[in-house]
Amino acid sequence: MAEALVPTREPRRTGATAPQEAGLLDLEDGDRQFVTALARGLQVLRAFRDASEMLGNREIAARTGLPKPTVSRLTHTLLSLGYLVHGQDGERYGLGPAVLALSAAFLRQNSFPQMAKPYLQDLATAVQAHVALGLLDGLHCVYVQLWRGKGQTITLSSEVGFHLPLACSVMGMATLAGMDEEQRGPLVERLRRESGAEWPALERTMQRCFAEVAEHGFCVGVGIWRPEINAVAAPIHSPGARGIFSVNVSGPAFLMTEAVLRRDTGPKLMETIARMRALGIVD
C-alpha cells in the first residue's frame, strides 16, 4: 500500500491584505468595465486549493480577504447554481459539478495535456516520483494533470486542481523563467509588493532558478515549498496551447536529494521534453 507523505504546514502568507483581494484591487482600479461582483464570486471558487477541500465561510473570507457577510451571500448564490455543494456537516462547502463541467471544457480545448500524457507517465515511472503538469493561474500554478510512477511506494497528497504558489515553489520559479519579460514583469512586481521583508530571499531564489533554466532547461528546489519535499521543474511551450505550462517532478527529500535531482531527475525530465519536441508536441 502506498504511504502518503502529507504536508505539515501551509505556504507562507505575508502582508495585511489577502493575496486574492490584493490582485482584485489591482484589476478593478479605474476600470469601469470591471464587474466586481462577478470577480468576487470567482475569488470564492479560487479559494479552494484542491478539488476535495471543504471550507466554511470564515475560512473563505480569510483566504480571499472578502468580508464574511459578502462571502455568505456569494456561497449561497454559488450553491444555488451548482458551483458549490454542501459538506456532510451542512456548514462547509466543496466544489460542485458545475466547476467540473468548466474544467472538462477547458481540457477539451487544450489538447497538449493529453498529448503529453504517455511521455510524462513514462517519466514518472522512470524516476518513481510524482510528475505534475501545471498551468499559470494568477500567482499560482494549478495542477491540470498528475502522474505517479507505476510501482511507486511513497506518494504525496496533492491531486489535480492543487495550487502551488509562484513565490515558494520550484514549479512557480520555472513558470516565471519560461516567460518573456513583458509577461513576467507584472507578476514579479506583485510578488515583490506582497512578500514584504521576505522579498530579498525570494528574489535570490528566483534569480538562481532563472539562471538554472537558462543553462540547463530546469531548476531545482530543495525544500522551497515544504522542507520534506524536493523537486525539479521546467517550463514547457506547446504550439497553439492556451496558457503557460510547466512540468514538476517531486518527491520526499530523503529520496530525492539535491544530488539526485541534478544528476538524474533533471536530465531525465529534459530527455522527456526532447522526445516531445522531436514530435512537435512542444516548441
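Predicted, not measured: the structure shown is a model, and the values here were computed from it.
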Exercise for review: Could you walk me through whether Glu194 and Arg190 pass the salt bridge (charged side-chain N to carboxylate O under 4.0 Å, His left out) test, one step at a time?
Suggested key: CA-CA 6 Å; Glu194 294 179 13; Arg190 281 187 63 189; 3.7 Å; yes
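- With a 4.5 Å cut-off on side-chain heavy atoms, Leu136 and Met179 count as touching.
- Counting only heavy atoms from C-beta outward, the side chains of Asp122 and Thr272 never approach each other to under 4.5 Å.
- Summarising the geometry of Ala233 relative to Asn248, their closest heavy-atom pair is CB-OD1, 3.9 Å, with the distance given to 0.1 Å.
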Point to revise | Derivation and outcome, side-chain contact (heavy atoms from CB on, under 4.5 Å), residues Ile60 and Gln43 | key: CA-CA 9 Å; Ile60 294 171; Gln43 276 186 284; over 6 Å; no
Check your understanding: Where do Met206 and Trp199 land on the side-chain contact (heavy atoms from CB on, under 4.5 Å) test, with the steps shown first?
Key -> CA-CA 10 Å; Met206 195 179 299; Trp199 171 247; 4.0 Å; yes
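- In the hydrophobic cluster analysis, where Ile, Leu, Val, Met, Phe, Trp and Tyr join through side-chain heavy atoms closer than 4.5 angstrom, Leu123 is grouped apart from Val260.
- Residues satisfying the side-chain contact (heavy atoms from CB on, under 4.5 Å) criterion with Ala234, sequence neighbours excluded, are Phe218, Leu269, Met270, Ile273.
- Note that CG of Leu38 is 10.0 Å distant from CG of Leu74, once rounded to the nearest 0.5 Å.
- Annotation: cation-pi geometry satisfied between Arg184 and Phe210 (NZ/CZ under 6.0 angstrom from ring centroid, within 45° of ring axis).
- A donor-acceptor contact shorter than 3.5 Å is absent between the side chain of Thr70 and the backbone of Leu66.
- Hydrophobic clustering (ILVMFWY, side-chain heavy atoms < 4.5 Å, transitive): Ile244 and Val213 are in distinct clusters.
- Residues Glu203 and Arg192 are not in side-chain contact: their nearest non-hydrogen atoms beyond the backbone lie 4.5 Å or more apart.
- Contact of the Val232 side chain with the Val170 side chain is not registered, since no non-hydrogen atoms from C-beta on lie closer than 4.5 Å.
- Side-chain N or O atoms of Ser169 include one that pairs as donor or acceptor with a backbone N or O of Gly172 at under 3.5 Å.
- With sequence neighbours left out, the side chain to side chain donor-acceptor pair (under 3.5 Å) criterion links Asn57 to Ser72, Thr75.
- Looking only at side-chain heavy atoms (C-beta outward), Pro239 and Asp283 come within less than 4.5 Å of each other.
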**Study point:** Met256/Thr265 under side-chain contact (heavy atoms from CB on, under 4.5 Å): CA gap, chis, key distance, verdict
**Key:** CA-CA 8 Å; Met256 300 189 73; Thr265 314; 3.7 Å; yes
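- At most 12 non-hydrogen atoms from other residues, nucleotides or ligands lie less than 6.0 angstrom from CD of Glu91.
- Placement of Met276 and Val127 within a single hydrophobic cluster is found when ILVMFWY residues are connected by side-chain heavy-atom separations under 4.5 Å, directly or transitively.
- Residues passing the side chain to side chain donor-acceptor pair (under 3.5 Å) test with Asp264, sequence neighbours excluded: Lys268.
- Considering Leu164, Thr175, Val142 as possible partners of Asp137, the one that fulfils the side-chain contact (heavy atoms from CB on, under 4.5 Å) test is Val142.
- The NZ atom of Lys117 sits 8.0 Å away from atom CH2 of Trp147, with the distance rounded to the nearest 0.5 Å.
- Paired with Arg148 under the rule side-chain hydrogen bond (donor to acceptor under 3.5 Å, both in side chains), one option of Gln121, His130, Gln128 passes, and it is His130.
- Summarising the geometry, atom CD1 belonging to Ile281 is positioned 10.0 Å from atom CD1 belonging to Ile236; distances are rounded to the nearest 0.5 Å.
- The distance from the SG atom of Cys141 to the CG atom of Leu135 is 8.0 Å, given to the nearest 0.5 Å.
- In this structure, Met173 and Leu202 approach most closely via the heavy-atom pair CE-CD1, 3.6 Å.
- Nearest heavy atoms, Gly41 versus Leu78: O-CD1, 3.7 Å.
- Across all non-hydrogen atoms, the minimal contact from Leu139 to Leu191 is CD2-CD2, 4.2 Å.
- If you chain together hydrophobic residues whose side chains sit under 4.5 Å apart, Val144 and Tyr119 fall into the same group.
- Within 6.0 Å of the CZ atom in Arg208, the count of heavy atoms belonging to other residues, nucleotides or ligands exceeds 12.
- Judged as a ring pair (Phe, Tyr, Trp, His ring centres under 6.0 Å), the pairs with a partner in residues 57-91 (not counting sequence neighbours) are, in order, His86-Tyr93.
- If you chain together hydrophobic residues whose side chains sit under 4.5 Å apart, Leu95 and Val85 never meet in one group.
- Contact between Val222 and Asn230 at its shortest, heavy atoms only, is CA-OD1, 3.3 Å.
- Qualifying side chain to side chain donor-acceptor pair (under 3.5 Å) partners for Arg262, counting only residues two or more places apart in sequence or in other chains: Glu212, Glu258.
- With sequence neighbours left out, the salt bridge (charged side-chain N to carboxylate O under 4.0 Å, His left out) criterion links Glu59 to Arg92.
- Contact between Gly221 and Leu261 at its shortest, heavy atoms only, is O-CD1, 4.2 Å.
- Looking only at distances, a side-chain donor or acceptor of His237 sits under 3.5 Å from a matching main-chain atom of Gly178.
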**Study point:** Worked verdict on Phe48 versus Val99 for side-chain contact (heavy atoms from CB on, under 4.5 Å)
**Key:** CA-CA 11 Å; Phe48 293 84; Val99 174; over 6 Å; no
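- A distance of 5.5 Å separates OG1 of Thr36 from CZ of Phe34, quoted to the nearest 0.5 Å.
- To the nearest 0.5 angstrom, Leu120 atom CG is 11.0 Å from Thr125 atom OG1.
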